[in-house]
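One structure below.
Starting from 1, each residue takes its place in the sequence as its number.
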Amino acid sequence: MKWGGAVVSVVLLVVWVGSAWYGVMWETARWPSFGLYSGTLEVFDGKYAANKAYLLGWHWHRRNGSMIWGVLWPHRYYPWSFRIPLWAPLLLAAGVSTAAWHLDTLARRRANKHLCPKCTYDRTGLAVGAVCPECGTAAPVV
């Protein structure tokens, strides 16, 4: 989980920053359309694009380097749409990954200091495989 969260965080960071300069959209007349640009992911009604047949399908466009920071619901051009800034899932993934790394580091430190993983009782003088006298937790597997 810690490595997966770290990879997802890096990918989201690269996409978030890169989308300030380059955007991609997929517009269709039947299904919801998608756009990734200016630091956001937008899902919107594709029926509006049916009137502009030249916009249907995938298209790339260069952006001016600006970012959109807030949530938008609905968009002024489409009957329904939802736009979420990519920093929100980036913060979520980074937070979960950071918590996983922190908990793993604590567990490693406790194991290196011969502490009980549950109650942090010092297990230094205990026999190998003995349960913790404080909380009854089985000995950690080495």
Side-chain angles (χ1 to χ4, degrees), residues 1-50 52 54-142:
M1 179 168 222
K2 62 182 187 177
W3 283 105
V7 169
V8 168
S9 296
V10 168
V11 168
L12 280 171
L13 180 66
V14 168
V15 170
W16 179 50
V17 171
S19 70
W21 290 278
Y22 296 98
V24 62
M25 293 184 86
W26 180 63
E27 295 191 58
T28 178
R30 292 187 178 187
W31 307 102
S33 298
F34 300 94
L36 182 65
Y37 57 90
S38 297
T40 65
L41 173 64
E42 183 175 16
V43 180
F44 55 93
D45 186 7
K47 293 177 184 170
Y48 177 77
K52 308 178 298 178
Y54 63 91
L55 284 178
L56 295 179
W58 289 100
H59 50 95
W60 292 84
H61 52 278
R62 181 124 164 84
R63 304 299 296 179
N64 59 3
S66 65
M67 297 288 244
I68 298 171
W69 294 92
V71 174
L72 180 66
W73 178 279
H75 194 279
R76 63 179 178 231
Y77 298 126
Y78 304 107
W80 66 265
S81 66
F82 182 71
R83 182 167 49 197
I84 185 167
L86 292 176
W87 59 260
L90 171 62
L91 283 181
L92 179 66
V96 169
S97 179
T98 301
W101 280 92
H102 179 68
L103 291 174
D104 185 55
T105 301
L106 284 178
R108 237 181 306 116
R109 284 182 186 165
R110 287 179 181 165
N112 288 341
K113 292 181 178 181
H114 305 288
L115 299 177
C116 175
K118 186 174 180 184
C119 68
T120 67
Y121 179 82
D122 189 2
R123 301 177 50 89
T124 303
L126 296 178
V128 177
V131 297
C132 176
E134 195 72 24
C135 66
T137 304
V141 179
V142 180

On a heavy-atom basis, which atom in [X] and which in [Y] lie closest, and how many Å separate them?
X	Y	result
Val24	His61	N-CE1, 4.1 Å
Leu36	Leu86	CD1-CD1, 3.5 Å
Ala93	Val8	CB-CG1, 3.9 Å
Cys135	Cys119	SG-SG, 3.6 Å
Ile68	Arg83	CD1-NH1, 3.5 Å

Sub-4.5 Å side-chain heavy-atom contact between [X] and [Y]:
X	Y	value
Val131	Thr137	no
Phe44	Glu27	yes
Ser19	Arg63	no

Chi angles and distances behind the side chain to side chain contact (heavy atoms under 4.5 Å, CB included) call for Val43, Ser33
CA-CA 6 Å; Val43 180; Ser33 298; over 6 Å; no

Atom pair NE2 (His114) and CG (Leu126), whose distance is rounded to the nearest 0.5 Å
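That separation rounds to 11.0 Å.
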
Whether over 12 other heavy atoms sit under 6.0 Å from Trp87 CH2
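Result for CH2/Trp87: open.
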
Should the pair Arg62 and Tyr22 be classed as cation-pi, given the thresholds of under 6.0 Å to the six-membered ring centre and 45° from the axis?
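So Arg62 does make the cation-pi contact.
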
Less than 6.0 angstrom separating the ring centers of Trp60 and Trp21, yes or no?
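They do not qualify: ring centres at least 6.0 Å apart.
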
